[in-house]
Amino acid sequence: MQEITESKIIGVSTPRVDGPLKVSGIAKYASDHHFPGLLYAWPVCATIANGTVTNLNLSEAEKMSGVVAIYHRANIGPLYRVPPATGFSLILDEKRPPLEDDVVRYYGQYVAVVVAQTVEQARAAAESVRVTYSRQKPDVSEKLLGSPLTTEKPDQKSKRGDAASALQSAQVKVDEIYTIPVETHNPIELHASVAVYDGQKYTLYETSQAVVNHRDVLAQMLGVPTEQVQVITRFLGSGFGGKLWPWPQSILAAACSRNLERPVKLVVSRQMMFQSVGHRPAIDQRIQLAATPDGKLTAVGQDYVNHTSILDDYDEGCGEITPFIYSTPNLLVTGGLARRNVGNPTAMRGPGAVPGLYALESAMDELAIALKMDPVALRLKNEPEVDESLEIPFSSRHMKECLTVGAEKFGWSSRTPEIGSIKQDGVTLGWGVAACSWLAARTETEATVELRQDGSARVACGTQDIGGGTYTVLAQVVSHETGIPVNKIEVVLGDSALPPGPISGGSWVTASVTPSVLEAAQNATKSVLLAAVKSDGSPFKDKKPDDLEFIDGTIRLKGQSASTVPMSEILRIARVKSVSGSGKSQGTFGEAKPKYSFHSYGAQFVEITWQPEIARLRVSRVVTVIDAGRIINPAPARNQIEGAVVMGVGMAMFEETMYDPRSGAPINNNLADYVMAVNADSPKIDVTFLDYPDYKLNALGVRGVGEIGLAGIAAAITNAVYHATGVRVRNLPIRIEDLLAPKSLSVA
Amino acid sequence: MELFKLVAARNIPDAVKAQAAANTAQNGADIRFIAGGTNLIDYMKLNVERPKQLIDINGLSLDRIEKTQDGGLRIGALARNADVAHDPIVKEQYPVLSLALLSGASPQLRNMATTAGNLLQKTRCVYYRDTATACNKREPGSGCSAIGGYNRMLAILGTSEHCIATNPSDQNVALTALEAVIHIQGTKGQRAVPIAEFYLVPGTTPERETVLEPGDLITHVTLAKLPTGAKSTYLKLRDRASYEFALASAAIVMKQEGGKIDFIRIAMGGVGTKPWRATEAEAALRGKSATAENFRDAAEIVLRDATPQSQNGFKIELAKRCLVHAMSQASQAA
């Protein structure tokens, strides 16, 4: 593919084309859709986490005003499972269709659903359904390493050399366990489904990060051909991975609409968000590092266990980054799953890498301390030449520069390693660092670009903008190729009827769509040239398309600016409203034998403030340097990193879904009791993009920035906390009670 | 939420009469006053409160904040938290109240929430909120799920084996340190209840939180003038920097004379089943100098009888540090 090095619009901060729609309230989110005759559904949630429904008493609920129907196992009608599929298709995390049997396997599992005229009536009736259970003790225990797994032995994820022997004979060693609690995705937009069934076709307005997969899954579960299902998500109030795959409420809404032949809206409550739409699993990780006295890693070991639900296997994949981030001759990564009475976990921003790097980068800090070595120097010393796990070259890796540029910007050279040794304005400062990485990939994508007689363009792709700026990026790419200004380019996304595009996950949308959109735009301009040489009355009639060029929305003979004619004029002469071109690009994700190791890299530098006299810990400053290929739109890209950093503050210091061990209920199931970072917790954030194009991934050299900003932040914070307090927190989140431990008791 | 009737009270006697027909003025009241709605509506949505009737008292002109003849302050029951917090007299003479209010909730909530509504703010115990669980406060006799459950945020002072729920308010801690008097219009006329006598500890009846009876309408709160030279402050400790209930908070009013403390009031939030006044510690400090050692000794007295639960033992040390720091701030205030 030809590298694109020059552009007037790629790399230029461009205001979001969807911004005015959002700030004015015109943008329609899934639950904003209303239709004549719309009914409202409210699920009945199990109040046990393990057992069987023995009776549903509907007598009170059925009589309540506005109630249209109450569905449960016996009357919901046919719902099917999705067949086992190979490759990247037909994905959902909770594979059991809702109401399939009477067994309750997690707290909040749907056992019935009420449909009524208003949402208040539906909710009141749902809460009046009396459910009788045969109860069994739920297992929501937090300890995972050492508890029974779904497999006889942990899975071997990556291996080279002999890690066990190297660890045994190591001169310097770290061997610690790091734990992460359940974190719940809490986008402000609740999961919502508005299902419209007209007797033939389902039109589903969904909160989806993947409309094409959502359509395919729903068609299977409803037992109809895919062309009878259309899934639409024009805007998403964010998802963080929680909205990648369909969840039971979507299937319930569609089934209710089918049964009643009326439009049905189902919006889950905040409480249900903690129960039945996924979460990042609880994870235990044991990290073992061995090094020579001068800091060369000789072995890396990582054993993780994450919890999963009773029926489904969700593997967090915490060892994704470990095999290639550092150079070491010996390495062993294993992973296992332990079943608990919880809803199925799912991907949360940076799955695998974020929890994995929390543990690995904490252990690297502990190793640096054991070696009496600067933690930046330790990482620089163990920089690999190639991806040692696959023995292939990196496509484009600038980890060392991330670390050195970050250290320079942060002022790292003035750091004194002694605990509590940096003071400023009466508070103790702690400085911590972590490295990070995230995969780079493309998935198969199709797109169309239309050029119109009025001088505007339209680009369409069945991907979605989940808030990251995809609308604007596509406009920029079309503008780059055609010269048509961004404000004259209509971008159409979020509809499964469009040419299939990537899921909004893996940070790979931008890398995936740009090649196909470029190709579609090129083909559209070729169509204009064809019209120019074929149409009667055209000044270029009977020339060859190859004699012409398309520049900045105009057509001319190659190199002859005097001959320039606007595209709109050619299309007017040709009497066509528009011409179009399509593009299709292949994926790299999941390649059996990749030629290059494609990843993004970064370094996170964190400053915390610590006031022992009031046990107050705050993150005050973050410097983050990101090597994520070429940045198409710097302003929203920076937003992605900043938002991820704030999410990292929450991960490190606040977020934890607590399960009551007696009932199995996620008990802090609201935004007051589930503590997340708020504006006042947002530190000063300095974001730098190294901006090295990765031309081995695509012609523009773009990778993606949705997730990498979160990776490493939690470890950088706990490392900084150790530097300030002497307390090593290995169980997230960091709690005030951890810091009241004797070591930090002394009031400065 | 269940269907309910909403009526607007035209005047105070009407309001009193209407609510006097209620089964109780405590948890589970079937007739309730409503003002800002920032708390009651939440609990109605959760089916924790199921009133059949709401009496809207927003039209009763009880929102004034004005000086009293003896130099104190009268705060109307309907004065919004934001208006009280930003009132010039409050900021000047009772900074502890302004600071406490501004440390709570969010600007939007403070714009709606009222003084009397805040006095009656419900606990944030997660089991009180969840009708699927046992809770003696919500359903007397059903048991306390918090003991042995998720209790990190809950009380260590004033608890009983029936209830360990915390009073979550910041305002009420400041009002306790200011010895506010709560003025109530009831069926038998007006009465004035000192805040120290207004709240009840749970004991065997955690559903009863205050001395209010059916028909009792809080009309206003009065604050006496503080001694000349008294300083006051509020310190709130919590996990995140904003928009969270206190793990521990302290309201301090202090005056020093000749290097000795001659006037001191101490109240704590986040640790008690009611806003916690520490009179014994106050007595111990009177006549002493304002030193870290004396403050720490006083803090030890406040927490001496603390009863920690499975997850909140850390609050004992945290509360002590909170007290010491707040007292030293008050002692150094210009």
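Convention: sequence-line order gives letters A, B, ...; per-chain numbering from 1. Keep in mind it's a predicted model, so treat the numbers as computed, not measured.
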Any idea which of B:R129, B:M153, B:K315, B:Q311 has the most non-hydrogen atom pairs under 4.5 angstrom with chain A? B:R129
Assert top hit (heavy-atom pairs under 4.5 Å, partner chain A, pool B:M1, B:E2, B:K45) equals B:K45
Does A:M676 reach the side chain of B:Y243, with side-chain heavy atoms less than 4.5 Å apart? no
So do the side chains of B:T273 and B:I164 get within less than 4.5 Å of each other, counting heavy atoms only? no
Would you mind checking which part of [X] comes under 4.5 Å of any heavy atom in chain B, side chain (CB onward), backbone (N, CA, C, O), both or neither?
| X | result |
| --- | --- |
| A:S663 | neither |
| A:N670 | side chain |
| A:L671 | backbone |

B:S249 and B:K236 have their tightest heavy-atom pair at CB-CA, 3.9 Å
Taking every heavy atom of A:D660 against every heavy atom of B:G149, the minimum-distance pair comes out as OD2-CA, 4.4 Å
Measuring heavy-atom distances to chain A, does [X] have an atom under 4.5 Å in its side chain, in its backbone, in both, or in neither?
| X | result |
| --- | --- |
| B:T131 | neither |
| B:N312 | neither |
| B:D239 | both |

Among A:M653, A:Q271, A:E127, which residue has the highest count of heavy-atom pairs closer than 4.5 Å to chain B? A:E127
Considering only heavy atoms and a distance below 4.5 Å, find which of A:S269, A:A672, A:A124 pairs most often with chain B. A:A672
Between B:Y127 and A:R662, is there a cation-pi geometry (under 6.0 Å to ring centre, at most 45° from the normal)? yes
Could you tell me whether a side-chain N or O of B:N27 sits under 3.5 Å from a main-chain N or O of B:R138, the two making a donor and an acceptor? no
Flag, side chain of B:K320 to backbone of B:V302, donor-acceptor distance under 3.5 Å: no
